[in-house]
Structure formats: structure tokens, C-alpha cells
Amino acid sequence: MEKIIYVDNNATTKVAPEVFQAMRPFLTDNYGNPSSMHNFGGSIVKYIEDARKKVAGLIGAADSSEIIFTSCGTESDNTAINSTLRSYPDKKHIITTKVEHPAVLNLCKYLETVGYRITYLDVGPDGLLDINELKNAVDHDTVLISIMHANNETGVIFPVAEIAEIARVRDITFHTDAVQTVGKIPIKMTELPVDFLSLSGHKLHGPKGVGALYVRKGTRFSPFMVGGHQENGRRAGTENVASIVGLGVAAELAKNNIKEEITKVKKLRDKLENYILENVSNTKVNGDSKKRLPNTSNIGFEFVEGEAILLKLDEKNIAASSGSACTSGSLTSSHVLKSMGIPVTFIQGSVRFSLSRYNADKEIDYINKNIPAIIGKLREISPFGKK
Ligand code: PLP
């Protein structure tokens, strides 16, 4: 296979070689069940606990017992939300936003059908929330605020510290979906009064099929997966040992390199973005350009079909995306960009470039060299009529 220029890291990331090496023994010789009485299985527990410490270290949690391993970010989101609703059965109002990942949004839509009242907060044209709108939405019946840390499509970062404080003083549980931020920007749970935080292994150079949920000590918890006693009775199911170990190493790598990575990735992202904005007419960045993940650039190319751009990029071995992996799979236009009120001529032609530590300067040169011609040709045949 020819070398791929991979700029779709908000969809998933390459497994770091160190992660793969660390996982290997648990997929070959070290296959014991950590719940077993014998030492062959039981001795595996220490590797899980080591991984738990590393994940806790990455997000600055006070204690590793605040980390529960799950199967993915989606399960972490579902666990946090369902746990809270079960813990406070008398309250029926949830506040979230219109731009959440489907892992939260579709669960909220389901909850509406079983008697919950959901407030979906709007975002402005820059993708940011109006904090007063959040304050006004709270009422006596509010049981949970679930608001993402950063948006997967635009990279726009929400002020979770401020939101957490609003929730804390009103005694409301606060969950944040931090699947896109953990490993990309520093997070310190000891300074953030968040009750639940979701993260996912495959977004930070760990394996797919493993995630974690941070549960602050003292937060009411009711398990989502019920069965065996694993994870201290908080998440049943035999542990995905290799992937948990892999997530631990991914967390350690992210923690040790986060400052250098932010600098490197942001420089590459800005080079890509500035070149496109300067050399291709009728383009704009979707989302606030400052309060944004350092790796993400969502660019609207007016009068072109985003899918056509992606196909042309694909022909050049460049893997980008039109939004979230799920959105591009279903070919519907982005609910995030729609909520921001972006004109449809830009939404249709929006492409998300999301970088990682594995991108190189010459890859950005290669993308920049190809983009103007791709857009130029597509505009010549554009159904939107602009040449
Ligand atoms: N939340 C956000 C913000 C995401 O971007 C994603 C994945 O794209 C998820 C949740 C779901 O994570 P997972 O794929 O691990 O279920």
C-alpha cells in the first residue's frame, strides 16, 4: 500500500509502536484472566492497576481508583449519563448542547422518549456556547449537565471549568465528554470540579475498543454494565487486558510529550490552514480560531461538495474527513455546522483536517501543493454554479 498522508486523527489515530509492543505479551503468552485464583491470571491485575495509574496521571486525577475502564468513549458517555439518572430517579431534566457527539446526543433523544426533558443549548457562529443560556436553562428538576470538552468536528473548546463551577454550586452532576481533548491538551481533574469525564483509547494513539470514565470520589454511581465484580463492581465484564495496558502506555506517552506535541502539531496545522486561506478563494475556518484544539482545522470551501474534495484527496492518498466519522459515513450534512448557522454553501464543502504527532512538515507541503488545483477543478464543474 502506498504511503497515506493521514490527517483524520479526530476519527482515530495510529497505534503508537510503544503501545503495540506493550500490548503484545497480553495477546500471546500472558493470556490469564485477572479474576482467576491462580497466579498466572491473578498476576495480571498489577498491569491493569499500573495502566489505571497512568490514565489517572494523564488527567491529573487525585486517585487512580477514580478511573473505570470501559470499552470505548461511547460506553463511558452512556455510563456517566445512565448512572446519574439512576442515582437521582426523581429528577427529569438534562442540559446538553446541540453539537455533542451522537454518543450523547442520540442517548438524550432516546431519553426524551422515556420521559426526560432535555435542553439542547445553541452555539454561536463561532461554535461557542452562551454561558448565560446555560445558567438560565437550569431549574429545580435538572439532574445532569452533559457538555463536551472539545468538539470533534471543529475542535472548538468549551469552558468546562466555568461550566463545572455552575453545576457544582447548584448541586447538579456534571459530565464532560473529553474524548477529543484527553492527550491533546493538558487536563487536571484536581483543579476541575467535573464529576464524570469520558475518554477513549483510539483517539490518543492507543487501541480501539477501550476507553475510560473518570468518576470523582464521592460521586453517586450506579453501574451500566451489570454482571461480574470487575472494576470494583462498577463495570462488569472480563477486562480487555491488552487494550487496557495499551491505553496506559498511550496515556504515559501523551503525558510525557504533551507540550512538545502541542507546539509541533499546532505549527503544522497553522501552516496548512494559512496556506489554504491565502491560496484558495472563498474559504473560511469553521469555529473559533483561538479556543480550539491545536490539531484541528475545519475549513469550508464554498461552492464545492465536501465529498468530492475528499474523493480527490483520497486519489492523492490524503485521508481527511468531512466531519465526524459517523457523519461522513451517513452522508448527511453536519449537525454541528448547521447548529453554528454556517451557510449551506460552506457546510456542503467543509473538510476537517486533524493532525497528530506523526505528521511531518513535508506532508503538509504535499497537501498544500494539491489543494488549490483540486478545488479549482471541482469549482469548474460545481453544481452550485460558481466558476
Ligand atoms: N465523543 C466524541 C467527542 C468523539 O469524537 C467520539 C468518537 O469520535 C466519541 C465520543 C465516541 O468514542 P468511541 O469511538 O471510543 O466510542
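Worth knowing before you read on, the calculation uses all heavy atoms, side chains too, and leaves out hydrogens, waters and symmetry mates. Counting starts at 1 for both ligands and their atoms, following the listed order.
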message: A side-chain contact here means heavy atoms from C-beta on lying under 4.5 Å apart; do Leu204 and Thr13 qualify?
response: no

task: Check for a donor-acceptor pair, side chain of Lys92 on one end and backbone N or O of Gly115 on the other, with a separation under 3.5 Å.
output: no

message: Heavy-atom pairs closer than 4.0 Å: do any link ligand 1 to the side chain of Met148, the backbone, both, or neither?
response: side chain

query: Which pairs count as ring-ring contact (aromatic ring centres under 6.0 Å, His included) when at least one residue sits in residues 23-77, sequence neighbours excluded?
result: Phe26-Tyr47, Tyr31-Phe40

field: Per-residue contact class, Glu100 against ligand 1 - non-hydrogen pairs under 4.0 Å
entry: neither

Pairs involving residues 190-222, ordered by first then second residue, that meet ring-ring contact (aromatic ring centres under 6.0 Å, His included) (sequence neighbours left out): His205-Tyr358

message: Under 4.0 Å from a heavy atom of Asn152: which atoms of ligand 1 are those, numbered in the order shown and with their elements?
response: 3 (C), 5 (O)

- prompt: Ion pair present between Asp361 and Lys267, side-chain N to carboxylate O less than 4.0 angstrom?
  reply: no

- request: Decide, yes or no, whether a salt bridge links Glu112 with Arg117 under the criterion of side-chain N to carboxylate O below 4.0 Å.
  value: no

task: Mark up the atoms of ligand 1 that fall under 4.0 Å of a heavy atom belonging to Gln180, in ascending order.
output: 3 (C), 4 (C), 5 (O)

- line: Short version for Val179: what comes under 4.0 Å of ligand 1, heavy atoms counted, is side chain

- prompt: Based purely on interatomic distance, does Ala150 place a nitrogen or oxygen under 3.5 Å from a nitrogen or oxygen of ligand 1?
  reply: no

field: Proximity of Lys208 to ligand 1 by residue part, where a heavy atom lies under 4.0 Å
entry: neither

statement: Contact region, Cys72 to ligand 1, non-hydrogen atoms below 4.0 Å, reads both

- prompt: Is the closest side-chain heavy-atom distance between Thr84 and Arg220 below 4.5 Å?
  reply: no

- prompt: Is Glu75 near ligand 1, meaning one of its heavy atoms is under 4.0 Å from it?
  reply: no

